[in-house]
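Everything on this sheet refers to the single structure shown next.
For ligands, and for the atoms within them, numbers begin at 1 and follow the listed sequence.
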Amino acid sequence: MDGASRPALSGARFERHSPFDGALVGVFADGGEEDAERAVEIARREFDTGTWPRSPSRRRYEVLTEAARLLTANADAVAERMVLESGKPLALALGEVGAAARCLEYYGGLALSVEGSAINERNPGALGLILREPIGVAAFITAWNFPLLGVVCKLAPALAAGCAVVAKPSHLCPGPALLLARYLSEAGLPDGVFNVVTSQRERGAVVGQHFASSRKVDKIAFTGSTAGGQAVMRAAAVNTKRVTLELGGKSANIVFPDAPLDDAARTAIGAFTFNSGQQCSAGSRLLLHRDIHDEFLAMLTEHAAAQVLGDPRDRGTTMGPLISAQQHERVLGYVGIGHAEAKLVTGGGVPADPALRGGYFVEPTVFAEVNNSSRLAQEEIFGPVLSVISFETEQEAVALANDSAYGLAGGVWTNSMDTALRVAKGVRTGKMFVNCYNTAGIDDMPHGGYKDSGTGREFGQAGLEEFQELKTVQILLR
Ligand code: NAD
């Protein structure tokens, strides 16, 4: 905060223990409302009177790209912190650091091309200017599942726009955001432009609510559960704050008989096991055409067996533990519902390997014959549990995909471009994948949800515009 690492004003601290083996992996300042207020006042000071919002865009480009360079140079240290606190496997953590560095570079580049426009045709005796201004003080409240990228995808566009920022990372993995603050400082970001408040669980919601309800904050960007997002949105109404919400999902991955089936099956496993299923865009519902149903289930079982559950510090591990005891219990509760209501295809519990007993592991679990209106198919589980639902017609598949309160992502697998595009357009979500899931290797596409999955977009040009206001100036020529 304000360019230095500081204790909480109360002096309180909290501990983080590894979800893999329970070891103590970090001790952090346990900030409360008074720390939140201090952070907001510092950011307000910097926005109203500091140099950053008034800096030339080349300066912003230089700081953001230098921060990207420092992050890359320290990738191992940042990834290690993430692995220890969150249990994310090392390979995934390194991937996240790389994506975060590219995001900083992208918005550094975009800072150079921010421009407005002018209108001089409508009235020959006048000139109209359309300007883009930074939105002001932005507050971030973020989740633990992408503890670095989830902050960077907000921070990079906010800084490129010229905002000052306060941030509250999740108590379950606060370390990466603190390292990011250090590298930005080393890269030349003025003190007080990026301020992080860490807090343990209960005080975290208090700090988040303080940001959301503060009249000194102009914009709030939240990543987390739909219930948390709605609480933030209500509080933000106090000064009609601009709000971005990146919330949950229950995305449908749809497979037609003419798809490349083996590829589709391998990817379908990755779609719900990536980060042990703890990802908002997880393909957690698999819609299978009746004609390939049984054959595809056999392929899923085979590919699920290739997942390596293990110590997240090992490079070969593909699935680490879940984030906490609470989440472990919750996910196993859904597995229990699956056993009672659906047909188990593979997995179905905690792994037998005694080496994994100390961690919050759940096997990759597939249930078939799931009813789309059941809790298993409607609620976000946030663990490695897949619900398989069969369909006969394209219309039925689209209707099933849309029969959800969420609208974040989805996939469609087919060799017919017509089918792919009709389905991609028919499913009401913020992003769709054709013959792939989660990525086709294209960075910087806007990400965000329809319906209960949120509002606003992150990444891409749209992500920058979330941190800008449009101003018009009309000039009468004399
Ligand atoms: P969460 O809602 O419990 O917490 C998210 C953050 O909000 C934390 O920092 C927490 O301290 C804070 N918070 C919680 N309650 C609050 C309140 N009432 N007021 C203000 N702040 C509050 O979510 P989580 O368990 O950390 O993350 C998992 C959720 O995040 C999942 O639902 C997942 O889908 C979602 N998520 C969405 C995206 C996306 O881009 N759409 C990305 C990652 C995660």
Side-chain angles (χ1 to χ4, degrees), residues 14 19 28 30-33 36 85-86 88 96 99 139-154 166-174 176-177 196-214 217 220-236 238 241 243-251 272 274-284 322-324 326-328 330-331 379-383 404-409 429-431 438 445-459 463 466:
F14 71 100
F28 303 95
D30 186 9
E33 201 159 6
E85 291 176 28
S86 75
K88 177 173 287 203
E96 184 172 342
F140 307 157
I141 303 170
T142 51
W144 41 265
N145 58 339
F146 292 97
L148 181 68
L149 190 58
V151 179
V152 167
C153 70
K154 298 168 176 57
V166 294
K168 193 209 81 60
S170 166
H171 62 287
L172 295 169
C173 190
V196 181
V197 180
T198 57
S199 311
Q200 50 92 345
R201 184 161 173 223
E202 291 75 20
R203 303 233 288 175
V206 171
V207 169
Q209 281 293 311
H210 187 84
F211 287 169
S213 59
S214 170
V217 173
I220 191 126
F222 174 92
T223 299
S225 60
T226 297
Q230 288 170 343
V232 162
M233 200 173 200
R234 278 192 292 275
V238 66
K241 260 184 210 69
V243 177
T244 306
L245 302 176
E246 297 294 345
L247 310 176
K250 192 75 192 184
S251 300
F272 85 95
F274 181 80
N275 207 22
S276 301
Q278 305 170 116
Q279 53 143 337
C280 51
S281 309
S284 51
L322 300 183
I323 190 78
S324 63
Q326 192 191 17
Q327 189 64 9
H328 194 230
R330 219 185 127 255
V331 172
E379 296 178 12
E380 185 184 50
I381 297 174
F382 229 55
S404 168
Y406 293 111
L408 191 56
T429 60
K431 64 180 177 186
N438 264 341
M445 297 276 279
H447 161 87
Y450 287 18
K451 305 195 274 183
D452 278 359
S453 290
T455 180
R457 293 294 179 270
E458 293 184 334
F459 296 96
E466 295 282 346

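- For K154 and T142, the side-chain atoms include no donor-acceptor pair closer than 3.5 Å.
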**Message:** If you apply the rule side-chain contact (heavy atoms from CB on, under 4.5 Å), what do you find for K451 with T429, and how did you get there?
**Reply:** CA-CA 8 Å; K451 305 195 274 183; T429 60; over 6 Å; no
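- Partners of F274 under the ring-ring contact (aromatic ring centres under 6.0 Å, His included) rule, at least two apart in sequence or in another chain, do not exist in this structure.
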Show which side-chain atoms of residues 225-232 pair as donor or acceptor with protein atoms under 3.5 Å away, not counting sequence neighbours.
unit_1	atom_1	unit_2	atom_2	d
S225	OG	G228	N	3.2
T226	OG1	D452	O	3.1

Please tabulate, one line per pair, the protein N or O atoms found under 3.5 Å from any N or O atom of ligand 1, giving the distance to one decimal.
unit_1	atom_1	unit_2	atom_2	d
ligand 1	2 (O)	S225	N	2.9
ligand 1	2 (O)	S225	OG	2.6
ligand 1	9 (O)	T142	O	2.8
ligand 1	9 (O)	K168	NZ	3.0
ligand 1	11 (O)	K168	NZ	3.0
ligand 1	19 (N)	Q209	NE2	2.9
ligand 1	23 (O)	S225	N	3.4
ligand 1	25 (O)	W144	NE1	3.1
ligand 1	26 (O)	W144	NE1	3.1
ligand 1	30 (O)	G224	O	3.3
ligand 1	32 (O)	E380	OE1	2.6
ligand 1	34 (O)	E380	OE1	3.3
ligand 1	34 (O)	E380	OE2	2.6
ligand 1	40 (O)	H447	NE2	2.7
ligand 1	41 (N)	L247	N	3.2
ligand 1	41 (N)	L247	O	2.7

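- Applying the salt bridge (charged side-chain N to carboxylate O under 4.0 Å, His left out) rule to E85 yields the partners R81; only residues at least two apart in sequence or on another chain are considered.
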**Request:** Decide yes or no on salt bridge (charged side-chain N to carboxylate O under 4.0 Å, His left out) for E466 and R457, but give the supporting numbers first.
**Result:** CA-CA 7 Å; E466 295 282 346; R457 293 294 179 270; over 6 Å; no
